[in-house]
Amino acid sequence: MPSRTPSPSGKNPTVERRVFDLLNAEILDLRLEPGAHIVTETVAESLGVSRLPVREALRALAGRGLVEVHPHRGAFIPRLGPEDLDRIVETVEARARLEPWAAELAAGRHRADQLAELDAALALGLEALRNGNRPAANRAHRAFLRLLTLMSGHTTLIETLEPLQYRTMLAFVSVVMTAEPQGWESHRLVRDAVADRDGAAASAATRRHLDEVLEALRLPGNVVAATAGRGARTGGRKPGGRRLAALRLEAGPAAEPSAK
């Protein structure tokens, strides 16, 4: 069973949720790089909070596969590189079984406000793609997938699928494919099918996209470390300890899409 995740934030997110959102973004935007040791005491002191919400946030991140918690050692960001290709492929294979179902359900169950949020994430992703802004594209991709999954309205499916999606996202901030599928165009097709409430088309488009991702992952020599591949943006990144010490909570942090 996945570890407990802080409930999606509303107008007044809890301290735990705010810490979770901050660390989640730091990891997936590669500002805290794979292998970094996240020291609870350092984070708590930097953010001006107690250690309890930091521990709870780390537990939730572990449930999503974004950190690994080792007894007597603490929390670390997993290192995923080309040598972990088998693990990455297995994760995408699992998504390819579940995500088309989520898209099918989303087509029949979504609300107008959710579709508007999906459109906003799609627009941000396409803009980031045009600008070559990989971190912004990662954030938009994260929002798009989370929204699509939440739109399914299926609690068990959401709890099962989200950790798989997050593990893939972590992998794709650490590695790149030199020949990539047209991901955002595929997402546009999924969005259009969902908007038309065509569950079969939404499912088929999602499965087709993930099959293309798997084909690219299995192409010999196609997966390389992000620092060696195109689009890697690591400028300004601080070593893990210094970055943790520099963390600050914003007065009103942006939240992930809600499941209201």
Side-chain angles (χ1 to χ4, degrees), residues 28 64-65 85 88-131 133-134 136-173 175-219 222-223 231 256-259:
L28 289 177
R64 293 188 172 189
L85 185 56
I88 297 170
V89 167
E90 285 183 356
T91 303
V92 178
E93 285 175 336
R95 280 181 56 195
R97 292 287 184 175
L98 296 173
E99 214 161 287
W101 183 27
E104 179 183 357
L105 292 175
R109 298 180 175 182
H110 73 270
R111 303 188 311 268
D113 62 310
Q114 291 176 318
L115 185 61
E117 289 184 72
L118 196 70
D119 285 342
L122 181 63
L124 287 172
L126 290 170
E127 180 182 5
L129 182 66
R130 286 192 297 270
N131 295 334
N133 189 335
R134 187 177 182 84
N138 286 337
R139 287 192 294 272
H141 188 233
R142 183 165 77 243
F144 184 91
L145 287 183
R146 179 162 169 76
L147 277 162
L148 185 67
T149 304
L150 290 173
M151 288 162 71
S152 74
H154 194 296
T155 302
T156 301
L157 179 58
I158 292 167
E159 291 176 349
T160 304
L161 184 53
E162 278 195 331
L164 299 173
Q165 292 171 334
Y166 270 73
R167 286 169 202 157
T168 310
M169 291 174 201
L170 178 62
F172 286 132
V173 295
V175 302
V176 294
M177 293 180 285
T178 54
E180 292 184 314
Q182 297 298 315
W184 285 104
E185 290 305 316
S186 297
H187 293 330
R188 191 202 299 273
L189 293 176
V190 174
R191 177 268 171 207
D192 289 346
V194 168
D196 290 341
R197 298 195 179 274
D198 188 337
S203 176
T206 302
R207 182 60 194 247
R208 188 162 53 248
H209 166 61
L210 289 170
D211 283 346
E212 290 171 354
V213 172
L214 286 168
E215 183 179 355
L217 286 171
R218 291 168 176 150
L219 188 65
N222 194 41
V223 177
E256 285 187 337
S258 79

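Since the model is a prediction, treat every value here as computed from it, not as a measurement.
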**Q.** Interatomic spacing from OG1 in T156 to CG in L98 - rounded to 0.5 Å
**A.** 11.5 Å
(Q) If you count every heavy atom of other residues, nucleotides or ligands that lies below 6.0 Å from E93 atom CD, does the total exceed 12? (A) yes
Q. Quick one: does L145's side chain get under 4.5 Å of R95's, heavy atoms only?
A. yes
Q) With sequence neighbours excluded, what pairs up with R109 under the side chain to side chain donor-acceptor pair (under 3.5 Å) test? A) none
Q. Can you check side-chain contact (heavy atoms from CB on, under 4.5 Å) on R197 and H110, steps first, answer last?
A. CA-CA 9 Å; R197 298 195 179 274; H110 73 270; 3.4 Å; yes
(Q) Within the structure provided, determine whether E212 and Q182 are in side-chain contact (heavy-atom separation under 4.5 Å). (A) no
Q) With a 4.5 Å limit on heavy-atom distance, are the side chains of M169 and F172 in contact? A) no
Q) Which value, rounded to the nearest 0.5 Å, describes the distance between L214 atom CG and R218 atom CZ? A) 4.5 Å
(Q) Please check this pair: side chain of S152 against backbone of L148, looking for a donor-acceptor N/O pair closer than 3.5 Å. (A) no
(Q) Contact between E162 and R64 at the side-chain level, heavy atoms closer than 4.5 Å - yes or no? (A) yes
Q.
Going by side chain to side chain donor-acceptor pair (under 3.5 Å), name the residues that satisfy it together with D211, two or more places apart in sequence or in a different chain.
A. R207
Q | Non-hydrogen atoms of L170 and G65 that approach each other most closely | A | CD2-O, 3.7 Å
Q) Can you tell if the side chain of E185 reaches within under 4.5 Å of the side chain of L126, non-hydrogen atoms only? A) yes
(Q) Between V190 and H209, is there a side-chain heavy-atom distance shorter than 4.5 Å? (A) no
Q) When rounded to the nearest 0.5 angstrom, what distance separates CD in E90 from CG in L164? A) 11.0 Å
Q. Hey, are the side chains of R146 and T149 touching, using non-hydrogen atoms and a 4.5 Å cut-off?
A. no
Q. With sequence neighbours left out, what residues match T206 under side chain to side chain donor-acceptor pair (under 3.5 Å)?
A. none
(Q) So Q165 and R142, do their side chains get closer than 4.5 Å, heavy atoms only? (A) no
